[in-house]
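This report refers to the structure that appears directly beneath it.
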Amino acid sequence: MIPTGEATLGPFFPPRYVDAAANDLTQFEGRKAQGEVIEISGRVAQEDGAPLENLVVEIWQADAQGIFRHPADPRHAQADPGFFGWGRAATDKDGRYVFRTIRPGAPAGRQPHVNFMVMFSGLLRILKTTMFFEDGPDPVLSLVSNRRNLLIGKKAEPTLVTFDIRLRGENETPFFDD
Amino acid sequence: MATIIRPRDERTQPARIVPGYPQTPLRNPREPLVRREPTLSELTGPLEVAGRVKLLGGDIAGHGAAQAIGQLMHLRVRVLDEDGAPVGGTVVEIWQANAAGRYIHPNDDDHAPPDPNFYGAARLVTDESGAFELRTVKPGAYPVPTGDGWWRPPHIHFSVFGKVWLSRLVTQMYFPGEPLNAQDRILNAVPDAAARERLVARYVPPTGNPHNALVFEHQIVLRGKAATAEQP
């Protein structure tokens, strides 16, 4: 069967779907996640640099040991029971999103990273990108030769990583088609 | 269970930049997207989202004295993968305008009256056959503030998770026989006519059950096929 066509989230996504704790990945089902707690924050802007409010950002990442909470991961049985791995945030009036999470470990063959999705009015397709913590050998990072620095979060403070997302224009974030 | 994700036929998916939709040239990348083969990171994804978010029931039309105004309808949807296998246990988020074409949202202060008995949002989990049912009123059409005659036809929004990161889908469903379908800039951003047709619900002729509501059926196909065991 042929996958259904995508459409924009539009301007009326119910605010209550951005649940109050959905951007805090540091606990799950009453257990605390293992690993170093960090904050990932950034500003999302369009071509003219204008910040975008109420844009929806979702992330998916491995736990502190680099294990994904999903049966396709061969190490899935050892996944941290206190870490769900998915979160959602909406940007504020300055275009800023914030996630509280743990620093992921390195999945097999990969650098530690966090997958991002951006959904908004004017985006007929979900935009997907990946944030890394530092440069290094990685099959996804290596696809983006001259712009790879734009995929690497900036260490603003010891436990704060800044990852701005520019949808179009100067320092445009590389997005992936997969 | 491993999932295989293959590139989609671009003609079955919307263009990113759409003439007459003024936000699209400001918000979509200028650089070509970087083609990547999915890795384990994108071939896994959140499976128990229902444990992380608050569910909202699928009956949003109200009852008795508190019944929403409009044409009562039942929408029966099945969520499938590319093999046609049901995607059970996945979270579906639904939102729509009321019968007058008004959303419950601070961004919508346009023209039409709110309906205190219509809530406009449901968040459900599909059953093991991939099905869910929504009891609602048929949404109204509404003008887009581009000021050049673009009206959105009646439609319902869906956000679906599926089994892996790359099966995540945000889409809209339309109604059969609506004259505004032919000029809608979002529906018609999909180049392939058959793919557009699949975004339109099927009208089910009334059988007397339910006696007071129209019935529509719809199918949502998420990306992904099951990986079959390799032959020795």
Side-chain angles (χ1 to χ4, degrees), chain A residues 1-17 19 22 28-29 46-48 52 54 58 60 62 68-73 84-86 107-110 113 115 117 119-127 130 139-140 143-144 147 167-169 172-178, chain B residues 1-3 5 8-9 12-16 18 21 23-24 26-31 33-47 49 51-54 80 82 84 93 95 103 105 107-108 121 123 157 165-166 168-172 186 189-190 195 198-199 220-223:
Chain A
M1 302 183 85
I2 300 166
T4 301
E6 294 184 61
T8 176
L9 197 70
F12 307 122
F13 187 65
R16 71 154 49 202
Y17 284 168
D19 298 63
F28 182 54
E29 292 181 336
Q46 64 180 20
E47 183 172 47
D48 55 10
L52 299 170
N54 281 326
E58 292 183 7
W60 168 246
F68 294 100
R69 185 191 184 82
H70 188 281
D73 189 322
F84 185 61
W86 173 82
R110 299 291 309 271
H113 64 276
N115 297 295
M117 272 184 189
M119 292 166 262
F120 198 46
S121 174
L123 297 181
L124 278 89
R125 314 269 292 263
I126 294 173
L127 284 176
T130 302
V140 171
L143 296 170
V144 188
R147 297 192 292 151
L167 300 182
R168 185 184 181 91
E172 180 178 300
T173 303
F175 293 98
F176 292 96
D177 176 22
D178 37 26
Chain B
M1 172 67 86
T3 302
I5 298 270
R8 287 171 289 188
D9 177 350
T12 67
Q13 295 294 327
R16 294 173 191 274
V18 176
Y21 186 169
Q23 290 88 357
T24 59
L26 295 172
R27 298 181 180 167
N28 283 279
R30 188 189 302 273
E31 297 288 333
L33 300 199
V34 180
R35 181 93 204 96
R36 76 174 159 190
E37 284 300 315
T39 70
L40 185 63
S41 187
E42 301 86 32
L43 295 175
T44 54
L47 283 179
V49 176
R52 282 299 280 191
V53 301
K54 193 166 180 292
L80 307 170
E82 289 179 62
E93 298 171 312
W95 65 107
Y103 284 86
H105 194 286
N107 283 349
D108 193 355
R123 197 188 235 167
H157 295 261
W165 188 240
L166 295 182
R168 186 86 175 82
L169 175 70
V170 174
T171 187
Q172 299 179 20
I186 293 175
V190 177
R198 289 192 294 271
L199 298 174
I220 292 173
V221 180
L222 303 183
R223 295 184 76 191

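So that the names make sense, note that chain A is the first sequence line, chain B the second, and so on, each numbered from 1. Every value quoted in this text rests on a predicted model; they were computed, and no experiment measured them. These numbers come from the heavy atoms of this one structure, side chains and all, not from hydrogens, waters or symmetry mates.
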Counting only heavy atoms closer than 4.5 Å, note whether [X] contacts chain A via side chain, backbone, both or neither.
X: B:R8; answer: side chain
X: B:R198; answer: side chain
X: B:I186; answer: both
X: B:L199; answer: side chain
X: B:V49; answer: both
X: B:A195; answer: neither

About how many Å separate [atom2] of [Y] and [atom1] of [X], when rounded to the nearest 0.5 Å?
X: A:N115; Y: B:T39; atom1: CG; atom2: OG1; value: 7.0 Å
X: B:L26; Y: A:R168; atom1: CG; atom2: CZ; value: 8.0 Å
X: B:R123; Y: A:R16; atom1: CZ; atom2: CZ; value: 9.0 Å
X: B:N28; Y: A:F120; atom1: CG; atom2: CZ; value: 12.0 Å
X: B:S41; Y: A:H113; atom1: OG; atom2: NE2; value: 2.5 Å
X: A:D48; Y: B:R27; atom1: CG; atom2: CZ; value: 9.0 Å

So do [Y] and [X] actually touch side chain to side chain, heavy atoms under 4.5 Å?
X: A:R110; Y: B:L40; result: no
X: A:H70; Y: B:L47; result: yes
X: A:W60; Y: B:T44; result: yes

[X] side chain to [Y] main-chain N or O, any donor-acceptor pair under 3.5 Å?
X: A:R125; Y: B:P14; result: yes
X: A:D177; Y: B:L33; result: no
X: A:E6; Y: B:Q13; result: no
X: B:E42; Y: A:D178; result: no
X: A:E172; Y: B:E31; result: yes
X: B:E82; Y: A:P3; result: no
X: A:W86; Y: B:W165; result: no
X: B:H105; Y: A:P14; result: no

Chain B contact via [X] - side chain, backbone, both or neither, heavy atoms under 4.5 Å:
X: A:E29; answer: neither
X: A:F176; answer: both
X: A:L127; answer: side chain
X: A:F175; answer: both
X: A:P107; answer: neither

Closest non-hydrogen atoms of A:L124 and B:A15, given as atom of the first, atom of the second and distance, are CB-O, 3.7 Å

Please find the pair of heavy atoms, one from B:V170 and one from A:M119, that lie closest to each other, and give the distance.
CG2-SD, 3.6 Å

So which residue, [options], ends up with the most heavy-atom pairs under 4.5 Å with chain A?
options: B:L166, B:T24, B:V190; result: B:L166
options: B:H157, B:R223, B:R52; result: B:R52
options: B:A2, B:G45, B:A121; result: B:G45
options: B:R36, B:Q23, B:R35, B:R30; result: B:R36

Could you walk me through whether B:Q172 and A:T8 satisfy the side chain to side chain contact (heavy atoms under 4.5 Å, CB included) test, starting with their C-alpha distance in whole Å, then the side-chain angles of each, then the deciding distance to 0.1 Å, before giving a yes or no?
CA-CA 8 Å; B:Q172 299 179 20; A:T8 176; 3.7 Å; yes

Whether A:Y17 and B:W95 hold their rings parallel, tilted or perpendicular, with breakpoints at 30° and 60°:
perpendicular

Winner by heavy-atom pair count (cut-off under 4.5 Å) against chain B, out of A:S121, A:P15, A:A22, A:P174
A:S121

Looking only at A:V140, A:T173, A:D73, A:T4, the option with the highest number of non-hydrogen pairs under 4.5 Å against chain B is A:T4

